[in-house]
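In listed order, ligands and their atoms are each counted from 1. The basis for the numbers below is simple: all heavy atoms, side chains too, and nothing from hydrogens, waters or symmetry mates.
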Amino acid sequence: MSRLEVDSLVALVDGNEIVRGVSLTMQSGDKVLLFGPNGAGKTTLLSAIAGLPRVRVASGRVLLDGEDVTPFPAFERARRGIALAYQIPPELTGVRVSRLASLIAERYGTHSLLQRLVDMLEIRHLVERDAFRGFSGGERKRVEVFLTALMKPRFALLDEPDSGVDVDSVKLIARAINFLVQDLGAGVVVVTHTRLLAEYLGGGATGYVFNSGRIECRGDTLEILNRLEKRGFDGACSE
Ligand SMILES: Nc1ncnc2c1ncn2[C@@H]1O[C@H](COP(=O)(O)OP(=O)(O)OP(=O)(O)O)[C@@H](O)[C@H]1O
């Protein structure tokens, strides 16, 4: 059983305080859904947890199984099991998806998962293409979730894996996320703006409302979504 603790995290981008004191704790098998308005700082929070260099942690810590990983760069955190799937993955000309997948499978010892994930996400037709080059929005997301799952992370941070994705593909992505949690024992943090993915991810997920750099409340995901849809973000946390 692994544990990820975010302790009073304050994070800056270009000197601007975007994440303003966030604490959350989760374990293997936990599903956390993060809801928040555009510009709230969700991507910045995930980037700070993953250790991306564009975000500077001003105070607070990220602990993985009790070890303070805040001083470690992103690749070191990834090696230890914190994987981030980008909101908009970069195009890699000349690098095929299959090549990236082999490198990841080699490093993380996950060759046995490769074909299963390709089938699960229905991306057979994409693996011999340059990674993300000319991919549609939905194809991008499926391949990004594929590469993230192939790292067999202890904690996967998924930034809007359903954005711009058609309903059938949301189902495939949800299936892969549920596989990550149930079969691989990962904890997942999923940023989303929509109900469909939350429903496919099923019960047992905890919803967080994140606004202006802070967690405002948490609770049963579907109850939070009901309040959000009725009252918007300003009323989502009042009873
Ligand atoms: N270099 C920068 N200088 C100033 N502000 C920045 C900089 N980079 C990002 N921001 C701001 O930080 C805020 C948080 O951005 P972030 O991408 O984390 O939000 P988000 O909650 O993920 O939004 P969305 O739902 O639209 O993806 C935004 O208001 C953004 O404009």
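- In terms of modelled atom types and a separation under 3.5 Å, the side chain of Asn16 and the main chain of Asp14 share a donor-acceptor contact.
- Contact annotation: Gly41 has at least one heavy atom less than 4.0 Å from an atom of ligand 1.
- Taking each of Ala11, Gly39, Gly15 in turn, the one with a heavy atom nearest to atom 28 (C) of ligand 1 proves to be Gly39.
- Atom CZ of residue Phe146 and atom CG of residue Leu114 lie 4.5 Å apart, to the nearest 0.5 angstrom.
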Side-chain polar contacts of residues 205-219 - donor-acceptor pairs under 3.5 angstrom, sequence neighbours left out - could you list them?
from: Tyr208; atom 1: OH; to: Arg218; atom 2: NH1; distance (Å): 3.2

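- Near Val13, with a cut-off below 4.0 Å to any heavy atom, the atoms of ligand 1 are 1 (N), 2 (C), 7 (C), 8 (N).
- Sequence neighbours left out, the pairs with a member in residues 67-78 that pass side-chain hydrogen bond (donor to acceptor under 3.5 Å, both in side chains) are Glu67-Arg80, Asp68-Thr70, Glu76-Arg79, Glu76-Arg80.
- The part of Pro37 lying near ligand 1 is the backbone, judged by heavy-atom distances below 4.0 Å.
- Heavy atoms of Thr43 found under 4.0 angstrom from ligand 1 belong to the backbone as well as the side chain.
- In this structure, Lys31 contributes its side chain and Leu201 its backbone to a donor-acceptor pair below 3.5 Å.
- Residue contacts with ligand 1 for Ile18 involve side-chain atoms from C-beta outward but no N, CA, C or O (heavy atoms, distance under 4.0 Å).
- Those atoms of ligand 1 that come under 4.0 Å of a heavy atom in His193, given as number and element, are 25 (O).
- With respect to the salt-bridge test (charged N to carboxylate O, under 4.0 angstrom), the residues Glu160 and Lys141 do not qualify.
- In this structure the side chain of Leu12 never reaches within 4.5 angstrom of the side chain of Ile18, judged on heavy atoms.
- The side chain of Asn16, and not its backbone, has at least one atom closer than 4.0 Å to an atom of ligand 1 (non-hydrogen atoms only; side chain from C-beta on).
- Annotation for ligand 1: atoms under 4.0 Å from non-hydrogen atoms of Asp14 are 1 (N), 2 (C).
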